[in-house]
There are 2 protein chains.
Amino acid sequence: MQNTTASAMAAEFETSPERVRRTQDFFSIGDLAKEFDITTRSIRFYEDQGLMSPERRGQTRIYTQKDRVRLKLILRGKRLGFTLAETKTLFDMYDRDGSSVNQLQTMLRLIDDKKLALRQQLEDIKVVLHELTAVESGCLAELSEKTKENP
Amino acid sequence: MQNTTASAMAAEFETSPERVRRTQDFFSIGDLAKEFDITTRSIRFYEDQGLMSPERRGQTRIYTQKDRVRLKLILRGKRLGFTLAETKTLFDMYDRDGSSVNQLQTMLRLIDDKKLALRQQLEDIKVVLHELTAVESGCLAELSEKTKENP
DNA sequence: CATGAAGTTTACGTTAACGTAAAGTTTTAC
DNA sequence: GTAAAACTTTACGTTAACGTAAACTTCATG
């Protein structure tokens, strides 16, 4: 009861015997938005930024499995802390150059940068947590002192 | 030859017997900018946002040790991921009535919220670090495979 | 005296990743 | 057959923390 969209409906009412497919060939922008729990605005924005370029049927965007994988990669990149620009750089390299050594090295550099930044952030957070705990202790002490007179 | 600023002027007019000071009493905006390696624009911005309010000599801002400590706290907060608004909230609470039970409890709630958020962030970062390491391993494997043929 | 270094205010510009609204054209549903 | 859904483009708005430029005053110095 979760697929009430165009393509799903099409599959459900598909009557042609030789065309029964387990995997969808095409997706609407709404399909993808629903699947990945993002807005259509985001998907169009990614296209605007040159990260995707789906086919059109007239005005309407038609997404293939390849586009879907791209979107998935974009979102994974985001989860990993990559900017859209960084992800686009990787895509461009891949598009031009298959999976070149160059691209892999770029990827590794990016990953290393991220890891370094995250480790720094991790340390910072630990420090703050300790400091917060210290301040908290101070507050609690002061508070117990104050409620001593006023129980 | 480095003190041609407000503090020098203050020293000049100093009549108290203990005239010789190891610590500066006053600072110019440039002094602080240099000391903390930030721009004067930033310092004025913090004032604009209500985090500081230095005295004036005419138009010119005159900063005291207390202002300097404030700035230091602002920057520490920033390093640790606090927004200026959050830092301001803490400042305001402290300025108003750092000793009232009510304020202390508010403070404790705020601290607790922050700690919770930071612990969550900590976990998130750890997860991403692991994922990054996994992706890195994949890249390295692919790379070693590619450079096998092309040493 | 000129000049340049440091200070001031006002105010628009920047970045990232979309949100939101308007205004229009299909598509689908009942 | 008509209303609702879904799609489209265009374009301005949002947030945080400043950057940058203009246009000015004050101060110190060679």
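Small disclaimer: the values here were computed from a predicted structure and weren't measured.
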OP1 or OP2 of [N] less than 4.0 angstrom from a side-chain nitrogen or oxygen of [X], does that happen here?
| X | N | result |
| --- | --- | --- |
| A:Arg41 | D:dT8 | no |
| A:Ser42 | C:dG19 | yes |
| B:Tyr46 | D:dA17 | no |
| B:Thr39 | D:dG19 | yes |

Closest approach to the side chain of [X], judged atom by atom: which nucleotide of [options] is it?
| X | options | answer |
| --- | --- | --- |
| A:Arg44 | C:dT8, D:dC7, C:dC18 | D:dC7 |
| B:Phe45 | C:dT8, D:dA17, C:dA17 | D:dA17 |
| A:Leu84 | C:dC18, D:dA17, D:dG19 | C:dC18 |

Neighbours of DNA chain D within residues 65-78 of chain A, by heavy-atom distance under 4.0 Å: none
Option among B:Arg41, B:Arg56, B:Lys88 that satisfies the salt bridge (Lys or Arg N to Asp or Glu O under 4.0 Å) test with B:Glu47: B:Arg56
A:Phe82 vs B:Thr40, nearer the 5' end of DNA chain C by closest nucleotide: B:Thr40
More than 12 heavy atoms from other groups under 6.0 Å of CD on B:Glu86: yes
Residue pair B:Leu73, B:Thr87: steps toward the side chain to side chain contact (heavy atoms under 4.5 Å, CB included) verdict: CA-CA 8 Å; B:Leu73 287 176; B:Thr87 299; 5.8 Å; no
Sugar-phosphate only, base, or nothing, as touched by A:Arg61 at under 4.0 Å among non-hydrogen atoms: sugar-phosphate
